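Report on the structure given below.
Computed from a predicted structure; not experimentally measured. Here is the naming used below: chain letters follow the sequence lines, and residue numbers restart at 1 for every chain.
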Protein chains: 2
Amino acid sequence: MDAFSTQTRHGEVCPLDTTLKILDGKWKSIILCHLMQQDLRYTELLNTLPGCTRRMLSLQLSQLITDQIIQKDIDTSFVPIKTSYRLTALGQSLVPVIQAMDQWGTDYIQTLAQDIQD
Amino acid sequence: MDAFSTQTRHGEVCPLDTTLKILDGKWKSIILCHLMQQDLRYTELLNTLPGCTRRMLSLQLSQLITDQIIQKDIDTSFVPIKTSYRLTALGQSLVPVIQAMDQWGTDYIQTLAQDIQD
DNA sequence: CAGGATCCGTGGGGATACTG
DNA sequence: CAGTATCCCCACGGATCCTG
């Protein structure tokens with residue numbers, strides 16, 4: 001047992017909090033949005049994240065790997081090495097949830113924008 | 001415009017991150033789980049959150065109010081004053097998403113538990 | 001190319017005390 | 001009862017440099 005997000009932050013039983021902890025991290029939301037659409041290499045991912053440092057990308061990726069949401073594929077037949085990242089089966093199962101959250105966020109922003117015009 | 005969670009943490013467009021920011025906070029997940037089931041008063045809420053200080057409860061509640069997820073009802077006909085908290089319409093619209101996240105979290109924990117036994 | 005190590009600053013959250 | 005105010009600490013994340 002090494003997935004670090006199974007314990008809730010407050011000690012109470014709340015699977016919602018487990019899900020939140022897995023997704024929590026400055027860049028994880030966008031990383032997952034991109035990996036949902038296609039597998040990407042480390043540098044490709046970095047280029048889609050302006051402002052994200054290599055250190056942060058590595059940290060976010062390693063946490064997602066620990067939580068078994070994504071996996072790393074290393075192609076050693078190349079020099080320099082090629083690595084790419086893709087969703088695991090567990091990660092795939094999270095996609096509909098992410099899409100629901102993304103859709104709600106879109107509606108939420110839209111609703112607030114309308115309120116301003118009143 | 002004072003809802004503070006509409007800006008993403010990284011500057012990129014990602015409604016998923018907006019949703020995450022609204023839910024982010026040590027006690028918000030449980031607070032929402034409880035308010036989904038019934039309206040609650042300040043002290044009732046505090047009693048359902050062992051380890052949560054009054055300061056933290058106030059902070060989490062005020063952020064949820066700012067984001068228009070919950071609202072506070074004050075009954076001034078009583079002394080001392082009675083306050084209670086309940087979901088707004090926007091908060092209600094978030095319930096299915098929360099339930100999906102909670103269900104996924106439950107399945108996730110279950111899956112990891114099975115992996116250990118192999 | 002794909003990272004790891006190190007140093008450091010900021011803000012989220014704890015402890016405690018005070019108030020309408 | 002339902003909160004604020006103040007002080008403080010630590011972990012998250014930024015900047016920079018090093019490596020297989």
Side-chain angles (χ1 to χ4, degrees), chain A residues 4-5 7-12 14 17 20-31 34-35 39-67 70-86, chain B residues 4-5 7-12 14 17 20-31 34-35 39-67 70-86:
Chain A
F4 76 96
S5 293
Q7 289 298 318
T8 56
R9 292 172 285 192
H10 35 65
E12 299 303 298
C14 187
D17 198 64
L20 282 170
K21 275 185 65 182
I22 291 173
L23 263 18
D24 190 35
K26 187 169 179 178
W27 301 94
K28 287 186 192 171
S29 56
I30 317 192
I31 290 173
H34 289 154
L35 288 183
D39 302 352
L40 286 169
R41 298 184 51 188
Y42 182 82
T43 302
E44 288 174 337
L45 220 29
L46 197 60
N47 290 335
T48 65
L49 306 173
C52 183
T53 61
R54 275 196 285 276
R55 171 193 137 88
M56 273 312 294
L57 179 55
S58 295
L59 274 177
Q60 305 284 287
L61 289 172
S62 69
Q63 288 176 14
L64 288 169
I65 290 171
T66 298
D67 286 334
I70 65 174
Q71 62 185 265
K72 170 161 56 170
D73 298 315
I74 305 180
D75 187 344
T76 54
S77 66
F78 285 87
V79 178
I81 287 171
K82 284 189 179 183
T83 65
S84 60
Y85 295 87
R86 61 187 172 95
Chain B
F4 75 95
S5 293
Q7 290 299 317
T8 55
R9 292 171 286 191
H10 36 66
E12 299 304 297
C14 188
D17 198 62
L20 281 170
K21 275 184 66 182
I22 290 173
L23 263 18
D24 190 35
K26 187 168 178 179
W27 302 93
K28 287 185 190 170
S29 55
I30 316 191
I31 290 173
H34 289 154
L35 288 183
D39 302 352
L40 287 169
R41 299 184 50 186
Y42 182 83
T43 302
E44 288 175 336
L45 220 30
L46 197 60
N47 289 335
T48 65
L49 306 172
C52 183
T53 62
R54 276 196 284 276
R55 170 193 141 86
M56 274 311 296
L57 180 56
S58 297
L59 274 177
Q60 305 283 288
L61 289 173
S62 68
Q63 289 176 13
L64 288 169
I65 290 171
T66 297
D67 285 335
I70 65 173
Q71 61 185 266
K72 169 161 55 172
D73 299 314
I74 305 181
D75 187 344
T76 54
S77 66
F78 285 87
V79 177
I81 287 172
K82 284 189 177 182
T83 65
S84 61
Y85 295 87
R86 61 189 171 96

Given protein heavy atoms under 4.0 Å, the one-letter contact record of nucleotides 5-15 of chain C, with B base, S sugar-phosphate only and - none, is simply -B------BBB
Apply salt bridge (Lys or Arg N to Asp or Glu O under 4.0 Å) to B/Arg41 and B/Asp73, showing your working. CA-CA 9 Å; B/Arg41 299 184 50 186; B/Asp73 299 314; over 6 Å; no
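- In this structure, B/Asn47 contributes its side chain and B/Thr43 its backbone to a donor-acceptor pair below 3.5 Å.
- Remark: P of C/dG3 and CG of A/Leu57 are 8 Å apart, rounded to the nearest angstrom.
- Residues A/Asp24 and B/Arg9 come closest through the heavy atom pair OD1-NH1, 3.3 Å.
- One N or O on the side chain of B/Lys21 and one on the backbone of B/Gln7 form a donor-acceptor pair closer than 3.5 Å.
- For the residue pair A/Gln60 and A/Gly25, the shortest heavy atom distance occurs at OE1-C, 3.3 Å.
- Interatomic distance, B/Leu23 CG to A/Leu23 CG, rounded to the nearest 0.5 Å: 10.0 Å.
- Using modelled atom types, no side-chain atom of A/Tyr42 and backbone atom of A/Tyr85 make a donor-acceptor pair closer than 3.5 Å.
- Residues A/Thr8 and A/Asp17 have side chains that never bring a donor and an acceptor to within less than 3.5 angstrom of each other.
- Chain B approaches DNA chain D over the interval D/dC1 to D/dT6, counting the first and last nucleotide 5' to 3' with an atom under 4.0 Å from its heavy atoms.
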Identify the pairs formed between an N or O of the protein and an N or O of nucleotides 17-20 of chain C at a distance under 3.5 Å, and give each distance.
none

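- B/Ser58 comes within 4.0 angstrom of a base, heavy atoms only.
- To the nearest 0.5 Å, atoms CG (A/Leu40) and OG (A/Ser84) are separated by 9.0 Å.
- The phosphate of C/dG4 has neither OP1 nor OP2 within less than 4.0 Å of any side-chain N or O from A/Tyr42.
- Side-chain contact between B/Cys52 and A/His10 is absent, with no heavy-atom pair separated by less than 4.5 Å.
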